[in-house]
Peer 1: 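My structure is below; once you've seen it, I'll send some questions.
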Amino acid sequence: MEHLLLRTAIAVSLIAVAALLIGLIFGAVPGWASFSGGVVLLLLHHVRHVDLLVDWLKRPAPGQVPHGRGIWDYVFALLHRFERAQTRQYQQVLKTLARFRQAGRAHPDGVVILDADNRIEWCNDTAESHLDLNIETDAGQPVTNLVRRPEFVAYVDSGDFARPVELRAPRRAGVILSVQIIPYGDAQKLLLSRDVTRLEKLESTRRDFVANVSHELRTPLTVLSGFLETISELQLGPERSRDYLNLMAEQSKRMQRIVDDLLTLSTLESAPGPSLDERVRIAPLLDRLKADADVLSGGRHRIVLDAGPGFDLLGSENEIASAFGNLVSNAIRYTPADGEVRLIWRATPADAEFAVEDSGIGIAAEHIPRLTERFYRVDRGRSRETGGTGLGLAIVKHILSRHQATLEIASEPGKGSRFAARFSGRRVVPVATIPEGAASKS
Ligand code: ADP
């Protein structure tokens, strides 16, 4: 400013000196005329530059600050410098914003930014797929016009966002979302959506499991306490007492079996996976399985062992024996007398299969996918009569998956069933590759 004053004062002084000289040479009138003309020209010079400045300020195009002369050259240079610094800052802010958006986009949860009126300002790809939004067409729309689930609309309208709300995802059958709004800034809101389908499923499995265990244990317990009451209240002869005691022993064995199976399952869930170092010698294992089957059958079935030679498995001998044993005992328990049970072992370097085929009662197709669920039985009564806990196939499935193996079930009601455990080549070894006794535990 001082600069401008000084330079204007100098310019006016120069005009005055020139006008004075003209006045001395040509007389007072030309002198005054030149002074006024000079001042007017100076004024026009400044007005023209102010004009240029106002024009640019109205539409401050970056990099197009006008050029000026004299003092205005200096003013515009300052303005130019200021404008360049502003542009740089603006670019920096844009970059930061873009980075934030990228981070928001990469977020595994859905993120929606809402304004004070719950209109969508921005959302990431996950939110688009969770809530069936399209940012291109939905920006600026109230979110409750687009996500119309009543529980969500009520949540948004309530203004109480302390807890998330759960809702079924629009247009994605079976998907459950947990949605929470987090107010921030002036009146803006961040809406976060998370797919909790798996968690929900786990939670309901846990609830069912606890209910099932309680139910399974309550039945024998009720019977036991009933017998106890009877024995203590009635004067029973020694023979009746023995009968009652036998029945009580049976119920407590049943409880014992359930608890044992539950413990086996929980150990399988928490123990580290079986290593590839332990060899399961198949031939003696099959012989043992056949012998156990004969005992369990008590001569009521024809039991056939059909084993291809040459290969063993790598894994946990105890677990494999338990899984195969479960399949064999099921085949016997669900095959009427005079039926046939076949134990089949086939292996190549590429894969191996242990199958149990029976000519038993068979299973209707709709039950097959659920057989490995805990406590799932086709016929509760029959399972119980034969000492079943409903946990056998769940244990089999666990053991096989710990060995990266699968369980294949084929069955036809009234004709029989085939349960096959399939192992990949990784778990198959030729019988002779490891010297006898080096890695074998059997
Ligand atoms: P359970 O202790 O009841 O036998 P499992 O988990 O071993 O429990 O088997 C689950 C259900 O699958 C059984 O209750 C039975 O209904 C059916 N099942 C299993 N194996 C056979 C089979 N070989 N033949 C017919 N049904 C079978």
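First listed ligand is number 1; within each ligand, the first listed atom is number 1.
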Peer 1: How about Trp72 and His67: does a side-chain donor come under 3.5 Å of a side-chain acceptor?
Peer 2: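 No - no donor-acceptor pair under 3.5 Å links their side chains.
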Peer 1: Could you tell me, atom by atom, which parts of ligand 1 come under 4.0 Å of a heavy atom of Val378?
Peer 2: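 Those atoms are 14 (O), 16 (O).
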Peer 1: Starting from atom 4 (O) of ligand 1, which protein heavy atom do you reach first, and at what distance in Å?
Peer 2: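 Residue, atom and distance for the closest contact: Tyr334 OH, 2.7 Å.
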Peer 1: Which of the atoms of ligand 1 are close to Arg377, meaning less than 4.0 Å from one of its heavy atoms?
Peer 2: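 With Arg377 as reference, the close atoms of ligand 1 come out as 3 (O), 14 (O).
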Peer 1: Please state which protein non-hydrogen atom is closest to atom 12 (O) of ligand 1 and give its distance, to 0.1 Å?
Peer 2: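 Sorting protein heavy atoms by distance from atom 12 (O) of ligand 1 puts Leu371 CD2, 3.4 Å first.
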Peer 1: Using a 6.0 Å distance limit plus a 45 degree cone around the ring axis, check whether Arg374 lies over the aromatic ring of Phe209.
Peer 2: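 Pair Arg374/Phe209 counts as cation-pi.
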Peer 1: Just do the side chain to side chain contact (heavy atoms under 4.5 Å, CB included) check on Glu128 and Asn134 with the steps written out, would you?
Peer 2: CA-CA 6 Å; Glu128 284 192 325; Asn134 178 351; 4.0 Å; yes
Peer 1: Give a yes/no verdict on whether any heavy atom in Arg333 is under 4.0 Å from an atom of ligand 1.
Peer 2: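 Under 4.0 Å: yes for Arg333.
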Peer 1: Looking at residues at least two apart in the chain, or sitting in another chain, which of them share a ring pair (Phe, Tyr, Trp, His ring centres under 6.0 Å) with Phe152?
Peer 2: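 None.
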Peer 1: Using a 4.0 Å heavy-atom threshold (strictly under), name the region of Phe419 that reaches ligand 1: side chain, backbone, both or neither.
Peer 2: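 Phe419 to ligand 1: side-chain contact only, backbone stays beyond 4.0 Å.
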Peer 1: Just by distance, no angles: are the side chains of Arg163 and Gln180 close enough, under 3.5 Å, to form a donor-acceptor pair?
Peer 2: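 No, no side-chain donor-acceptor pair sits under 3.5 Å.
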Peer 1: Check each atom of ligand 1 against the heavy atoms of Asp358 and keep those under 4.0 Å away; list them by number with element.
Peer 2: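 Heavy-atom distances to Asp358 below 4.0 Å select 22 (C), 23 (N).
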Peer 1: May I ask you to list the atoms of ligand 1 that are less than 4.0 angstrom from any heavy atom of Gly390?
Peer 2: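 Selected atoms, number and element: 1 (P), 2 (O), 3 (O), 6 (O), 8 (O).
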Peer 1: Could you tell me which residues satisfy ring pair (Phe, Tyr, Trp, His ring centres under 6.0 Å) with Tyr155, sequence neighbours excluded, listed by chain and number?
Peer 2: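 Residues passing ring pair (Phe, Tyr, Trp, His ring centres under 6.0 Å) with Tyr155: Phe161.
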Peer 1: Strictly by modelled atom types, are Asn318 and Ser316 linked by a side-chain donor-acceptor pair under 3.5 Å?
Peer 2: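 On atom types as modelled, these side chains do not qualify, holding no pair under 3.5 Å.
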Peer 1: Which residue holds the protein heavy atom closest to atom 7 (O) of ligand 1, what is that atom called, and what is the gap in Å?
Peer 2: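 Here the closest protein heavy atom is Asn330 ND2, 2.8 Å.
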Peer 1: Between the side chains of Gln92 and Thr96, is a donor N or O closer than 3.5 angstrom to an acceptor N or O?
Peer 2: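 Short answer, no.
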Peer 1: Considering only the protein, which heavy-atom contact is closest to atom 3 (O) of ligand 1, and what is its distance?
Peer 2: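 Going atom by atom, the protein heavy atom closest to atom 3 (O) of ligand 1 ends up being Ser383 OG, 2.6 Å.
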Peer 1: Taking only heavy atoms of Leu393, which atoms of ligand 1 are found under 4.0 Å from at least one of them?
Peer 2: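 Taking each heavy atom of Leu393 in turn, ligand 1 has 5 (P), 6 (O), 7 (O), 9 (O), 10 (C), 12 (O), 19 (C) under 4.0 Å.
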Peer 1: Please confirm whether Gly360 comes under 4.0 Å of ligand 1, counting heavy atoms of the residue only.
Peer 2: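 It does not, in that no heavy atom of Gly360 comes within the 4.0 Å cut-off of ligand 1.
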Peer 1: Going by the atom numbers of ligand 1, which of them fall below 4.0 Å from some non-hydrogen atom of Tyr376?
Peer 2: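 So the answer, numbered in order with elements, is 10 (C), 11 (C).
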Peer 1: Using a 4.0 Å cut-off to any heavy atom of Thr389, which atoms of ligand 1 qualify?
Peer 2: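 Result: 2 (O).
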Peer 1: Do you see a donor-acceptor pair shorter than 3.5 Å between the side chains of Glu250 and Asn246?
Peer 2: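 No donor-acceptor contact under 3.5 Å links the two side chains.
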Peer 1: Using the ring of each side chain (for Trp, its six-membered ring), is Phe324 parallel, tilted or perpendicular to Phe423, with breaks at 30° and 60°?
Peer 2: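 Correct class here is perpendicular.
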Peer 1: Using a strict cut-off of 4.0 Å, indicate which atoms of ligand 1 neighbour a heavy atom of Gly392.
Peer 2: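 That gives atoms 5 (P), 6 (O), 7 (O) of ligand 1.
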Peer 1: In terms of residue, atom name and distance, what is the protein heavy atom nearest to atom 26 (N) of ligand 1?
Peer 2: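 That would be Ile363 CG1, 3.4 Å.
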